[in-house]
Every structure is written in C-alpha cells, then in structure tokens.
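Predicted model only: the values in this text are computed from it and were never measured. Numbered from 1 within each chain, the chains take letters A, B, ... in sequence-line order.
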Amino acid sequence: MSGPERRAWVAQVMGLPVSVHLRGPLVRTPEVEERVARVLAELRAADAVFSTWRPESVLGRLRGAPPGPAATADPLVREVVGLCETARARTDGWFDARRLPLPLGGTGYDPSGLVKGWAVERAARHLTDLADHDLCLNAGGDVLLRTAPGRPRWRIGIEDPDRPERMLDVVERAGGAVATSGTARRGAHITDPRAGRPAEALRSVTVVGPDLLWADVYATAAVARGADAPDWLATLDGYAALLVDTAGRARATPGWPGRATVSSP
Amino acid sequence: MRRITIWLLSTVAALVLLFSYRTSTMGAGGETGAVATGNDPGGGTWSGTDGGSGPSGGDTGGGSSTGGDGGTTGGDGGTTGGGGTATGSVAQTRWGPVQVKITVSAGKITDVAAVQVPDGNRRDQEINDYAVPILRQEALAAQSAEIDSVSGATVTSDGYRESLQSAIDAAHLK
C-alpha cells in the first residue's frame, strides 16, 4: 500500500502559490532540496524579467510597448516573443499578447498569459530529469506532471468554477499537463482580443495535453473565443478539454480523460 | 462500483458520527446514532457498512445503515458517471433532527451539506455554526486524500489559504 515517500514544497512565486510534490526515494535528500530550490529560483528570475506587475522588470519598463531589439537581445525574451507569435497563429488570433489591458494601467503588450506555462515547463526540467521520481507541480491551478515507470498516475481534481471547494471531475494522468483558465478567481481577466473586452461566455476551460505551455495557452484562448471554443478545442491534436459555461453547464471534448459527458454536436 | 459505494457510505457514516461527536461535546454526553441511506442514480440501494469502525466514531452510538426507508434520494446526477446525491435519513440527536446530504461525482464525494439541523435556541445555533462547517471540511479532507492536486482558474494567495490544494499541500509538507 505505501509507495515511495512523498514530499511537498510550497512557495509564493509570480504572485501565485506554487506547490511542488515529489514521490521517490530521495525526496529527503539535500540533492532533491537543491533541485527544488533551483526550480523556484528560476521562476522568480522569470518573474523579474517578464512580470507586467513590476515596473522595474524588462516588460514593466516597456510599459506595453512590444519588445524591441534591446529587449530581445536577451534570448529568453526573444524566445517568449516568438512563442507569443506562434500562439497567436495556433489560436487563430484568440491568444494575442499585443493589445491587452496592463496591470499597471493602459493597454499594450503583455505576454503573461504564456509566460507562466513557459516558465514552469522550463524550470521543471531540474526535476523531470531526476530518475525514479514522480513530479506534480501546481502553479496557481496549472499542473505539470511526470511519473516514473510503474508508479501510480497522479489524480487531478478539476475545480468547479462556481464552487471552488467542489470538484467537477477527476482525471488520472501519468504525464503532461492540466491547465485551467477562467473567470472564477480573478473575475473576468481574460480579454477577447477581437472585441477588446473581457470574455464572459465561459466560466472556465480546463485543457489536458502533453505540454503545459500549450495547454495553458489553449485554455486561455478558448475562454476568449467563448461559444465556438468546444468545436475549436476538438480540432487540437493531443489535447482535450472540459468547459463550463456561465449557466454552469459542463461540456467535454471527445478524448476528455475524465468522466464528464462528451458534448453532443 | 460496490466497493466504491461501500467506501463512500462508510465515510459518510463516519462523518455523521463525527457530527454526533461534535454536538455531544457541546452538551452533556449525547448518545446519538445516525443512519445514512440513499440510492445511486442507477437505482441500486447504497448498502453500507457499520460506521462504528470510522476513525471518529468510537465514543458515540454506532451508525447503522439500512437500505430503503428514511432515506430520501437525490439521483439528479445523471450527467456524470458514478455521480448523484444521496440524503441520509434523519438522525435524532438530543438537540433535534440532523440530516446530511452528500453529492457524489465521478465516484468521489464532492460536497457534504446538512439539509436539516436543529434550530430554535442559541445553543442550537452554535451547533449549526460550528459543526456544519467542520462536517464539510472533514468530508473534503477525506476526499483530498484521493486527489493529488487541483486544477482551477488562477488561484490567488487569498484563495489558496482556503483551498483544497492548500489542504493537500499541508498533508505532505513534512
């Protein structure tokens, strides 16, 4: 019954609670502690560069201007700017970092919706290359998972957006990501890039798939897209989704690994 | 399915006993038993186990479980497999009737609510204010043992403190 030992670390990073859960033989060793510390330090470093809440960050200093040559001289900034362009193309423009309401006021370039998933995916490499250990990294409700061969899959509860203490569904995953975007916790903070207004047709969208960055981007784009989101999500190879609309109705795309019903066309 | 329902029912029985325990600590030794019955949406009766083996049931009356009478049935959970609601029958405590409803989704307890609690005087109000939230937290804690993490729309630090995720984290911090 008792498997390998499990240990958790929790930190406040990027304005979010980040919890790292590890299962494996070395979770009490200094080596693993040091790896966890490296993950958290890297997330803090990413925040110091990309946070649009911090006036002194690289993005904060730009005050909404798209990063020019000076900013993109930093290879990480260049990578994120490139990924934001890819995300815009992959989502038919529903994820668009270029004209968003900025936390410090005004409208402009804000890659935050992509940076979290990117930073977590990138920082997690310090733990994913740890053999014989299982990882469950939750950054503010977006979850990255790895499991060593022969270990039980992680069980991820999907929160009911209207009643966060309730679970809508539970999915079992050995690896990949579970990301949720929506209007539940922070109000309508996802912008419909076409209308320039907060998107409000969907309460939440949860996307499961191989990659946290893309699961998160697709979930955010789906909330922005609204009513057409289920059909679009169903076209994404390797990803599946659970959506909750403003009336509280849950719908899942084909391939959704939980128990919620697949929506009829 | 049967194993799951028995587990659920024994959990509920333990919870109902916990409720009895909490109420009894506020007055003089209430001897209370509680019955949890109900039907799942498939129509089968939830037959249960003796909740007296539950972790907190030791010093109260044993919970008995019967199928059929006394339990009113929800069963409105037709959209998810292994889902639905079940309402336990009314347990008479020395302060008045207590009745609990559980909501099950995907084979898990997703909510516990008291549908009937004593009212009428100040002590009863204290019981309701105190015991009902405890009952709820215990149910969610029992369930969180079965969930490793929670995915939800961006959690703020304020929201985190009261979240199921924080309970899961706390259980593994040391």
Query raised in the report: For A:Ala219, is it the side chain, the backbone, both or neither that has a heavy atom under 4.5 Å from a heavy atom of chain B?
Result: neither
Requested in this report: Establish, from distance only, whether the side-chain atoms of A:Thr52 and A:Ser112 form a donor-acceptor pair under 3.5 Å.
Outcome: yes
Query raised in the report: Side chain, backbone, both or neither: which part of A:Trp154 has a heavy atom under 4.5 Å from chain B?
Result: both
**Report entry** Region of A:Val143 that comes under 4.5 Å of a non-hydrogen atom in chain B
**Finding:** side chain
Query raised in the report: Below 4.5 Å, heavy atoms only, C-beta onward: do A:Arg146 and A:Leu137 meet side chain to side chain?
Result: no
Requested in this report: Sort A:Arg153 into side chain, backbone, both or neither according to what part of it lies under 4.5 angstrom from a heavy atom of chain B.
Outcome: backbone
Query raised in the report: Does a side chain donor of either A:Asp134 or A:His21 reach within less than 3.5 Å of an acceptor in the other side chain?
Result: no
Query raised in the report: Between A:Asp162 and A:Arg203, is there a salt bridge with N-O shorter than 4.0 Å?
Result: yes
